[in-house]
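Atoms within each ligand, like the ligands themselves, are counted from 1 in listed order.
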Amino acid sequence: MTTHTDAQNAADFYDFEGALPPEERKTLLRTREFMRDQVAPLVAEHWAEGVFPRELIGRFRDSGLVGLPYEGYGDDHAPAASHLLTGMMAMEMSRVDASVATFFGVHNGLAMYSVQAGGDQAQRDRWLPGMARMDTIGAFALTEPLDGSDIAAGMGTTARRDGDTWVLSGAKRWIGNATFADLVVVYARDVEDDQVKGFVVGKDTPGFTAERIENKTSLRMVENADITLEDVRVPEADRLQNISSFRDVAEILRATRSGVAWQALGVMIGAYELALRYATERQQFGRPVAGFQLVQDLLVKSLGNITSSWGMLLQLARLQDSGVFRDEHSSLAKAHVTARMREVVAWAREIFGGNGIVLDYDVARFFADAEAIYSFEGTREMNTLIVGKAITGESAFV
Ligand SMILES: Cc1cc2nc3c(=O)[nH]c(=O)nc-3n(C[C@H](O)[C@H](O)[C@H](O)COP(=O)(O)OP(=O)(O)OC[C@H]3O[C@@H](n4cnc5c(N)ncnc54)[C@H](O)[C@@H]3O)c2cc1C
């Protein structure tokens, strides 16, 4: 009899992977192998040290896994990968390590999609090929020290046009990859028309500095930075031509928020798999703790959260692929799946008893990483307000 403890993919109880067409499934399996062979051995040490392993950039470059959502720029200039594959890749990465998945999501999602959706064709041709090869690494700078959830209204970073250049001034906070990124997409408010615009800023531009945020307790391998912009001069040619207000930024977030929900699913799966294995190995009262009803309750509730979240995200990806995809669809998934993730990592940690708080057993890393994912790309509260407005017609934003 096959039990789901020894199955290749114990968490895929309903065979969601089977929804991928064969070619895309191969890419998912390549992602799994890449994470197992190239990434997993680096994780524990770098997470503890709080640094991103730079050697991973070269490994990703050789992997053929970058740029796949962008038609003509990814692997062998193939057609764009489906949203289902892109989502499952984010899940697969987070199942091993959410910091690496976040590094990848910031570059391959937030930064590249800003260029794809916000740039004109000449700008796409200029930046996307290098980014798809990871010759240039991208970052995405929206959040500020004083404005997080209310960034749409509160953005303090300004852009002032001066002939053929723009002068950017202000500060950004939490910007992932920014300590080593080659280019940072910076959002700033045009002092002339009060609208948000996007700018591609090179790391060596005078007046631009990025300082690593130390002492994080979550996603420690992601290098987040405080950015200072002191009269940074950017040519008009480096202003993303198709971003003319925050509405355009919101469209980018709509697409990437679903990716974060997939990431949360991956974290659940990683934690659940660890807990399931531990429960079958750890003996108390002369039997594996997996044999106790109360432990089985935690495992089964975890599998229920994973399975229901996976079903939700499968259908969300179908909506995205069909072009029927609204802010509230993405927000509901982000809010709901990250809340389910928080339950699962806590139950997994619980099953490890005291060992659940020691990094050597890995589950503590999943437990800690869940917290940042719960809060970034729109907190649960903000995404709830987006859905609340959509279903009631009443805006509860204050
Ligand atoms: C590890 C990490 C990586 C990140 N990476 C990036 C990045 O690469 N680029 C980037 O631009 N940003 C990034 N962020 C920023 C992230 O998106 C913000 O942290 C997030 O949007 C929340 O903003 P805040 O932290 O300022 O919280 P705040 O906005 O200060 O919120 C504090 C609390 O108040 C609640 N709240 C606020 N307003 C309301 C309201 N109207 N009603 C009810 N509750 C409310 C919030 O939900 C939250 O619980 C990252 C953050 C982290 C932690």
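A salt bridge is absent between E192 and R160: the closest approach of a Lys/Arg side-chain nitrogen to an acidic carboxylate oxygen does not fall below 4.0 angstrom.
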Please list every donor-acceptor pair under 3.5 Å in which a side-chain atom of residues 22-29 meets a protein atom from a residue at least two apart or in another chain.
{"from": "E23", "atom 1": "OE2", "to": "K26", "atom 2": "NZ", "distance (Å)": "2.9"}
{"from": "E24", "atom 1": "OE1", "to": "S82", "atom 2": "OG", "distance (Å)": "2.6"}
{"from": "E24", "atom 1": "OE2", "to": "S82", "atom 2": "N", "distance (Å)": "3.0"}
{"from": "E24", "atom 1": "OE2", "to": "S82", "atom 2": "OG", "distance (Å)": "3.3"}
{"from": "T27", "atom 1": "OG1", "to": "E23", "atom 2": "O", "distance (Å)": "3.4"}

> Between V184 and F208, is a side-chain contact (heavy atoms from CB on, under 4.5 Å) present by the stated rule, with each step listed?
Replying inline: CA-CA 10 Å; V184 180; F208 174 94; 3.7 Å; yes

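Nearest heavy atom pair, residue A271 against residue A348, reads O-CB, 3.5 Å.
Applying the ring pair (Phe, Tyr, Trp, His ring centres under 6.0 Å) test to every pair with at least one member in residues 153-195, sequence neighbours left out, gives these pairs: F52-F180, F140-Y187, W166-F199.
Counting side-chain heavy-atom gaps under 4.5 Å among Ile, Leu, Val, Met, Phe, Trp and Tyr, the cluster of M382 also holds L385, I386, F397.
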Taking a 3.5 Å cut-off between nitrogen or oxygen atoms, can you list every pair linking ligand 1 to the protein, with distances?
{"from": "ligand 1", "atom 1": "5 (N)", "to": "W174", "atom 2": "O", "distance (Å)": "2.9"}
{"from": "ligand 1", "atom 1": "8 (O)", "to": "G176", "atom 2": "N", "distance (Å)": "3.0"}
{"from": "ligand 1", "atom 1": "9 (N)", "to": "F140", "atom 2": "O", "distance (Å)": "2.8"}
{"from": "ligand 1", "atom 1": "11 (O)", "to": "L142", "atom 2": "N", "distance (Å)": "2.9"}
{"from": "ligand 1", "atom 1": "11 (O)", "to": "T143", "atom 2": "N", "distance (Å)": "2.9"}
{"from": "ligand 1", "atom 1": "11 (O)", "to": "T143", "atom 2": "OG1", "distance (Å)": "3.2"}
{"from": "ligand 1", "atom 1": "12 (N)", "to": "T143", "atom 2": "OG1", "distance (Å)": "2.7"}
{"from": "ligand 1", "atom 1": "17 (O)", "to": "E377", "atom 2": "N", "distance (Å)": "3.4"}
{"from": "ligand 1", "atom 1": "29 (O)", "to": "S149", "atom 2": "N", "distance (Å)": "2.8"}
{"from": "ligand 1", "atom 1": "29 (O)", "to": "S149", "atom 2": "OG", "distance (Å)": "2.6"}
{"from": "ligand 1", "atom 1": "47 (O)", "to": "T379", "atom 2": "OG1", "distance (Å)": "2.6"}
{"from": "ligand 1", "atom 1": "47 (O)", "to": "E381", "atom 2": "OE1", "distance (Å)": "2.8"}

